[in-house]
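Just so you know, residue 1 is the first one in the sequence shown, and it goes up from there.
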Amino acid sequence: IGLPQRLIQRLQQHRPVGATASGWLAFQLGVLLLASSLLLAVVPLFWALLEGSRRLRRPWWGDRLNRVLLLIGVLLVLSAPLARSGWLAWVGLMNWIPFFWGFWGFQPYMATAQARRRIALLFVAGTVPVVVSGLGQLWLGWSGPWQVLGELIIWHMAPGGHPPGRLSGLFDYANIAAAWLSFSWPLLLAAVVATGRGWLQRWSWRQPALLLLVVAQLAALYLTDSRNGWGAAVLAVPLVLGPARWIWLLPLLLLLLLPVILAVLPGVPELLQLPARALLPEAIWGRLSDLAFSDRPLASTRLGQWSVAATLVAERPWLGWGAAAFTLIYPERTGVWHGHPHNLPLDLAISHGLPVAVLLVGVVLWLLLRSLQRGLFRASPYERAWWSAAFILVVLHATDLPLYDGRINVAGWILLAGLRAACWPQGFRPQQLR
């Protein structure tokens, strides 16, 4: 592909036994480009998927999880003809069914801890354009559209962020940018922890570069004004550092967060709350206490959306209303438009029925718990960070739906595929490969 031989040799390091040379190169390239452009990433990732699928001798249905995903796929197809949303229901299947194949075909590229470490670092490197573009957007006034390859790829960078005043960078919306920065944050933190162990023995350009990236990514995450993103930044710290440090880390975090808790919780005496609010920027405690939207009608809040969503699920529990049906029905019942119910299980149940929601959520939770049982959380910082990145994305989907951005969706399924590869007791054995 025109790369220098030395670079190719370096990129072939840590290649798992189940990955072809071209597939491993393509997978790394796709992960590196994913945050910048789904269109740029999809070609190498698709080639990697073909190569990964071709090399596996073990059939697709040999994994019980794949059988569950097959059942989910059948239920998704059965629900589409009955959808309230018409042809949108068929389009909505593309958010799920192709990724079931990717979940299987990407696993050979993450079959070892060394391979997952390499992919984690590529996610970190791929996040740099998101951070730089976002900070430039708010601090330097950068705005789009930016276009390359003869307008084939266009970044619509909103001036001043979208919504105004909130960092969105290369993404369409601040909450989506926050989701990417949130799941990549534990991966970056693991790189700092792993590198930091040898700082007293040796010094290189990597240490200051990592520290600069940490400061820049935390600044970008703060400027998204996303409460989910702020919470994820805090949550990742004890997860990546590991249980061995919790005895002192958790009390320290609680002490640092005490002013925030006092500033935002209702019912705190003014004697305590006013000093706490004076200590913190109003942008933080005002956002966390929802100061700017305290007079919103119920239909514009998460609670209002979830209430209507639960009613819709109860009315059609088995096959749902079809993908994107919430967008059509919610305005009819409340007079307020919302694109989704800001909760993935509810959205799945509305769109495709309760069985699909229970099965798919069950698959994800099983992967998280099984990988813990296999000792992933007791391993290296990178392994804990991989689990943490997947967990953070799961938590984010309890109050939002960033997966409807294709880049977040691809990244999420790569993380899940890595968890599945880590769960195999003996990894990918040579006799399982063609």
Q: Determine the sole option in Ile176, Leu38, Asn175, Val410 for which the side-chain contact (heavy atoms from CB on, under 4.5 Å) test with Asp405 is passed.
A: Ile176
In a table with atom names and distances, give each donor-acceptor pair under 3.5 Å that connects a side chain of residues 215-223 to protein atoms at least two apart or in another chain.
from   : atom 1 : to     : atom 2 : distance (Å)
Gln217 : NE2    : Leu181 : O      : 3.1
Gln217 : NE2    : Ser184 : OG     : 3.0

**Q.** Partner set under ring pair (Phe, Tyr, Trp, His ring centres under 6.0 Å) for Tyr404, not counting sequence neighbours
**A.** none
Q: Hey, could you give me each pair passing salt bridge (Lys or Arg N to Asp or Glu O under 4.0 Å) that has a residue in residues 172-191? Not counting sequence neighbours.
A: none
Q. What pairs of residues pass the side-chain hydrogen bond (donor to acceptor under 3.5 Å, both in side chains) test when at least one of them lies in residues 358-367, not counting sequence neighbours?
A. none
Q.
Checking His162 now: which residues fulfil side-chain contact (heavy atoms from CB on, under 4.5 Å) with it, not counting sequence neighbours?
A. Ala158, Ser168, Tyr173
(Q) Checking Arg333 now: which residues fulfil salt bridge (charged side-chain N to carboxylate O under 4.0 Å, His left out) with it, not counting sequence neighbours? (A) Glu315
Q | Asp225: side-chain contact (heavy atoms from CB on, under 4.5 Å) partners, not counting sequence neighbours | A | Arg166, Trp230, Arg287
Using a 3.5 Å cut-off and no angle test, enumerate the donor-acceptor pairs between side-chain atoms of residues 414-422 and protein atoms at least two apart in sequence or in another chain.
from   : atom 1 : to    : atom 2 : distance (Å)
Arg420 : NE     : Asp63 : OD2    : 3.0
Arg420 : NH2    : Asp63 : OD1    : 2.8

Q) Under 30°, 30 to 60°, or over 60°: which ring-plane class applies to Phe183 and Trp180, parallel, tilted or perpendicular? A) perpendicular
Q) Mind checking what makes side-chain contact (heavy atoms from CB on, under 4.5 Å) contact with Arg316, not counting sequence neighbours? A) Leu82, Trp321
All N/O donor-acceptor pairs, side-chain side in residues 138-148, below 3.5 Å, sequence neighbours left out:
from   : atom 1 : to     : atom 2 : distance (Å)
Trp146 : NE1    : Ser143 : O      : 2.9
Gln147 : NE2    : Glu151 : OE2    : 3.4

Q: Sort and list the pairs that fulfil salt bridge (Lys or Arg N to Asp or Glu O under 4.0 Å) and have at least one residue in residues 107-128, not counting sequence neighbours.
A: Arg116-Glu383
Q.
Ring-plane angle category for Phe106 and Phe27, please: parallel below 30°, perpendicular beyond 60°, tilted otherwise.
A. tilted
Q | salt bridge (charged side-chain N to carboxylate O under 4.0 Å, His left out) partners for Arg84, two or more places apart | A | Glu332
